[in-house]
Amino acid sequence: MTCTIAPRSVNLQGVCLVDEAHGWAVGDGGMILATTDGGLRWHSQGSIDKDLRAVCFADTERGWIAGRDGVILHTTDGGRHWEQRSTGTDRNLYGISFDPAGRTGWAVGDSGTILVSSDGGLTWQRQHSDDTHFTRCFTLDEKTAWIIGKRGGIHATTDAGATWTVQQSNAEIDLRGIYAVSPDLCWAVGRMGTVLRSEDGGGTWVRADSGTGLDLYGLWAAPDGREVRTSGDDGVILASHDGGRTWSPQSSGTAKDVVSLAFMADTRHGWMVGDSGLILATPDGGETWTPQLSGIHKDLAGVHGSGDARWAVGRDGLLAVTTDGGATWQVGDTGSGAQLWDVTFLSDARRGWAVGDAGLVLATEDGGSTWHRQDAPTEVPLLSVHFEGDRGWAAGAEGTILATTDAGATWQGQTAATRTTLTCVHAGTGGAARAVGRAGTVLTTKDGGVTWETRDSGTDVSLWGVAFTASGEHGWAVGDGGTVLATKDGGVTWEPQDSGIADNLKGVWAQPDGAQVYAVGDGSSVIATGNRGATWSSHVASTGRNLYGVHIFPTGRDGWVVGDGGTVLATRAGRRWAQQPSGTAANLYSVSPADHTTAWAVGRAGTILVTRDAGLSWQRQPSGSGKDLLEVHMRPDALTGWAVGDRGTILGTRDGGTTWLHQPSPYTGCALWAVDFADDRTGWAVGTGGTVFATRDGGVTWETQDSGGTDDLIDIHAVGPATAWAVGHRGTVVHTRDAGRTWERRESPTRQNFTAVHFTPDGRTGRVVGRSDTVMTSLDGGTSWQVGTTGTGMSLWNVRTFSELESWIVGDEGTVLSTSDGGATWDQHFYSPEKDAIPVR
């Protein structure tokens, strides 16, 4: 199977199947993938960096895409060129759909946004609606369409949108998918396994038993309305053979969320897309599914090439090979199961070597099809290997340098004037070699390694890769924060180049004449240059995982962050953020420490994790719940805590999580997004529909309080036993100063959806963050608010405020930000995989 490398955590959100050969998928970070051969090969299109949420095509040439910040893209040549159209809005768009003729279409999104086009997507106009948050739309013909959204919202039009009728779905659950085959017969799906069916165009909707409580997103029906399919969380796929009246599960073969699907009219051939670049295909109506593009979900650390062939290696013995200059890649395996840090091949493209942890050296004589181990006189991690003929070097931790003159049959240690970790070595001709490492270290030798000399790189960042032309005159070194250095004099002097990315670069390779240079790094980023580094272009849109939960200790130097795919990041003593082994692939939404060594994280499907050794290891605790847990709050005693989530779930513990017990929730028809306590007894939980629950006895009993509105509340911060602030959708800011007996709404200067709020302990300085890079600040205890941005363009998910000047924020695509000047400027903090965890000497 040949496939384009998908970024480590680029979630695909929409898919469109035109015929058995042509299809498109779109997702995070501007990812547009296209196939013209039924999915055997996928290639990337477009150059935008906005998250994309939906795609539709009228035929193999005309298509449309909708995404974040009001983005709509249009193509008339099958995606070879995508043009951005003016929409007149910066609201996030989640759905787009055109009639079969490709003339009339709608796009929908945040805060009741409805856009219509009657000229094939060239121009767009707003149409009137209420403030429902819309998630998807479906266009049947030039006059008939449906829109769905939050809290069971369904809107329909039969006059091209001149009027929209609110239909009664009799569901308070958020809806995520809509599909119709005639003006009468249509379906909708949503959270908690919701499946709705209508036979009168939406006049009445009837709920069917889906047999699952998982969220459903994707929806498709055959033209005759008999075969219907839906997909959703944890790889669930359901099939109906009677028009949606009854449903049965199918096996998708994946545990990843599958958010969109499409079939051919024959009901046999179909695709599904989802998290982490997943694309599945079926030839038999969904009875069997085969991965077409499962992505490389592990960081790449080394790359090398010969002719049109390239090899890249990474975690768990991962090997990726391309034979067409990088257009397509094949995912393979060295069979070692170990972390591999580098790979090199000779010009014959047959003989090669790879190195990794614990002194591992692998060799191949058949282009990488099979690998065998060579003996090396070290057990420290080897981070780099390179050969010139039978002469080669390997370098690694503690200043280790190994050399061979017989193609690796024997290896000997050499002495370098450093104990600094060496991350990359490059073998030249005539016994010349260069090595780079941490703290900007650059070493060179001209005598086969008998002596090594130190060179000035002009930087103190960690350098991870170095490569030279055959002449040894031109060379490149790459490192943290997108660093690229170039030399024209064999490595004596170095100058910086603009890589165009901020990802940490971990490996670089150059053609013998320097005509092509490739660099790879975190998140499967791949960049290349054809002009010796004058300009660099991205071959894969790189992104980090979305981050949702953050806790920074008051010093601002220690903290944890959690997010998608079990991501746990930690910083200690102000050092770089580094990943920690969570032991789970479940999305984590919240983290709450009791102290610097003990912390809890919660997430998908009742996941609760605890660490008692500062994150060196995380253990799962039994929650007794299968519901998504959206926030956790632990007290300083490391014994008492609460977690809240879907269906009004409230869990409590008095023994450090050894046992978690369900606490009585006043209402189970809502999702609880946040919980916070002022002390061991006084706390609040907030959620959908303006829900506020309060307790004054540590959760033994919870009572409902009136927030004064019905907008979803997404976060709450208890400043004290009597004072709390909550924020939510459509610019909602509410607060209480009497323990919740009354809640007062404060005017905010934006209608953007808020996601988090946090105040200083004295209650004077507060910050609120939200979608589309929204930051709101109050310096007078919440009396007045000023709105701003961080400049990243990302949706922001959590904030911690320590003073008028100091705050931390996390958000989409691995965003970790801090400010020390009250938000006038924001510093971005990057993180690396395990390579950063190698001891510094």
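The structure displayed is predicted, hence computed values, not measured ones.
Checked against a 6.0 Å centroid threshold, the rings of W64 and F98 count as neighbours. For an aromatic pair to be called close, the ring centres must be under 6.0 Å apart, and H155 with W164 fails this. Ring centroids of F263 and W220 are separated by less than 6.0 Å, placing the two rings close together.
Residues M272 and V258 approach most closely at CB-CG1, 3.4 Å, considering heavy atoms. Across every non-hydrogen atom of V686 and I716, the tightest pair is CG1-CD1, 3.8 Å. For the residue pair V757 and D715, the shortest heavy atom distance occurs at N-OD2, 2.9 Å. In this structure, G153 and L175 approach most closely via the heavy-atom pair O-CD1, 4.0 Å. Contact detail for G193 and S210: the closest heavy-atom pair is O-OG, 2.7 Å. Listed here is the closest heavy atom pair of V602 and A643: CG1-CB, 4.3 Å.
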Check the pair D646, K627 against salt bridge (charged side-chain N to carboxylate O under 4.0 Å, His left out), reporting the backbone distance first and the verdict last.
-> CA-CA 6 Å; D646 275 350; K627 306 296 188 299; over 6 Å; no
Which is it for W187 and V228 under the side-chain contact (heavy atoms from CB on, under 4.5 Å) test, yes or no, and what are the steps along the way?
-> CA-CA 9 Å; W187 300 262; V228 191; 3.9 Å; yes
Audit row: Q663, W702, side-chain hydrogen bond (donor to acceptor under 3.5 Å, both in side chains) steps and yes/no | CA-CA 8 Å; Q663 294 188 337; W702 291 84; 3.0 Å; yes
Test D159 against T157 for side-chain hydrogen bond (donor to acceptor under 3.5 Å, both in side chains), laying out the working first.
-> CA-CA 6 Å; D159 55 13; T157 184; 2.8 Å; yes
Assess whether side-chain hydrogen bond (donor to acceptor under 3.5 Å, both in side chains) is satisfied between D141 and T139, documenting all intermediate values.
-> CA-CA 6 Å; D141 54 44; T139 305; over 6 Å; no
Candidate pair D184 and S182, rule side-chain hydrogen bond (donor to acceptor under 3.5 Å, both in side chains), full reasoning | CA-CA 5 Å; D184 297 321; S182 72; 4.9 Å; no
Please walk me through it: do R207 and V195 pass side-chain contact (heavy atoms from CB on, under 4.5 Å)?
-> CA-CA 6 Å; R207 185 162 185 165; V195 176; 6.0 Å; no
Could you walk me through whether F693 and E703 pass side-chain contact (heavy atoms from CB on, under 4.5 Å), step by step?
-> CA-CA 5 Å; F693 297 156; E703 64 179 14; over 6 Å; no
Steps toward side-chain contact (heavy atoms from CB on, under 4.5 Å) verdict (W146, T144) | CA-CA 7 Å; W146 288 265; T144 309; 3.8 Å; yes
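With a 4.5 Å cut-off on side-chain heavy atoms, L140 and P183 count as touching. The closest side-chain heavy-atom distance from L238 to V236 is below 4.5 Å. Considering only heavy atoms from C-beta on, T691 stays 4.5 Å or farther from T704 through its side chain. By the 4.5 Å heavy-atom criterion applied to side chains, R197 and L185 are counted as neighbours. Between I96 and I65 there is no side-chain heavy-atom pair separated by less than 4.5 Å. Using a 4.5 Å cut-off on side-chain heavy atoms (C-beta onward), V181 and P223 make no contact. With a 4.5 Å cut-off on side-chain heavy atoms, I154 and W205 count as touching. With contacts defined as side-chain heavy-atom distances shorter than 4.5 Å, the pair T212/M192 does not qualify.
Listed for the D110 side chain is no donor-acceptor partner under 3.5 Å among the backbone atoms of R91. A donor-acceptor pair under 3.5 Å is absent between the side-chain atoms of R151 and the main chain of I173, judged by distance alone. A donor-acceptor pair under 3.5 Å is absent between the side-chain atoms of D711 and the main chain of T732, judged by distance alone. Within the 3.5 Å criterion, the main-chain N or O of I608 finds no donor-acceptor partner in the side chain of S623. A donor-acceptor pair is defined here as one N or O able to donate and one able to accept, closer than 3.5 Å; no such pair exists between the side chain of D174 and the backbone of R191. In this structure a side-chain-to-backbone donor-acceptor pair under 3.5 Å is present from R229 to G285. The backbone N or O of V273 lies less than 3.5 Å from no partner atom in the side chain of S260, so there is not a single donor-acceptor pair. N92 contributes a side-chain N or O that, together with a main-chain N or O of D69, makes up a donor-acceptor pair within less than 3.5 Å. With T104 contributing its side chain and S118 its backbone, the two residues share no donor-acceptor pair below 3.5 Å. A donor-acceptor pair under 3.5 Å is absent between the side-chain atoms of Q127 and the main chain of L115, judged by distance alone.
The residues R604 and D234 are annotated as salt-bridged, a charged nitrogen and a carboxylate oxygen being separated by less than 4.0 angstrom.
Atom CD1 in I178 sits 10.0 Å away from atom SG in C137 (nearest 0.5 Å). Atom CG in L12 sits 6.0 Å away from atom CG in L33 (nearest 0.5 Å). Rounding to the nearest 0.5 Å places NE2 of H133 at 6.5 Å from NE2 of H729. Rounded to the nearest 0.5 angstrom, L630 CG and L672 CG are separated by 8.0 Å. T567 contributes atom OG1, which lies 8.5 Å from atom CG of N587 (distance to the nearest 0.5 angstrom). Taken from OG in S97 to CZ in R136, the straight-line distance is 10.5 Å, to the nearest 0.5 Å.
When D257, T135, T230, D233 are each tested for a side-chain hydrogen bond (donor to acceptor under 3.5 Å, both in side chains) with Y217, only one passes: D233.
In terms of the side chain to side chain contact (heavy atoms under 4.5 Å, CB included) criterion, residue partners of D266 (sequence neighbours excluded) are, by chain and number, E20, M264, R268, H269.
Taking the six-membered ring for Trp and thresholds of 30 and 60 degrees, Y548 and Y589 have ring planes inclined between 30 and 60 degrees apart.
Heavy-atom neighbours of R226 CZ from other residues, nucleotides or ligands within 6.0 Å: at or below the threshold of 12.
Side-chain polar atoms of S198 and D200 form a donor-acceptor pair below 3.5 angstrom. For the residue pair E631 and W673, no side-chain donor N or O sits within less than 3.5 Å of a side-chain acceptor on the partner.
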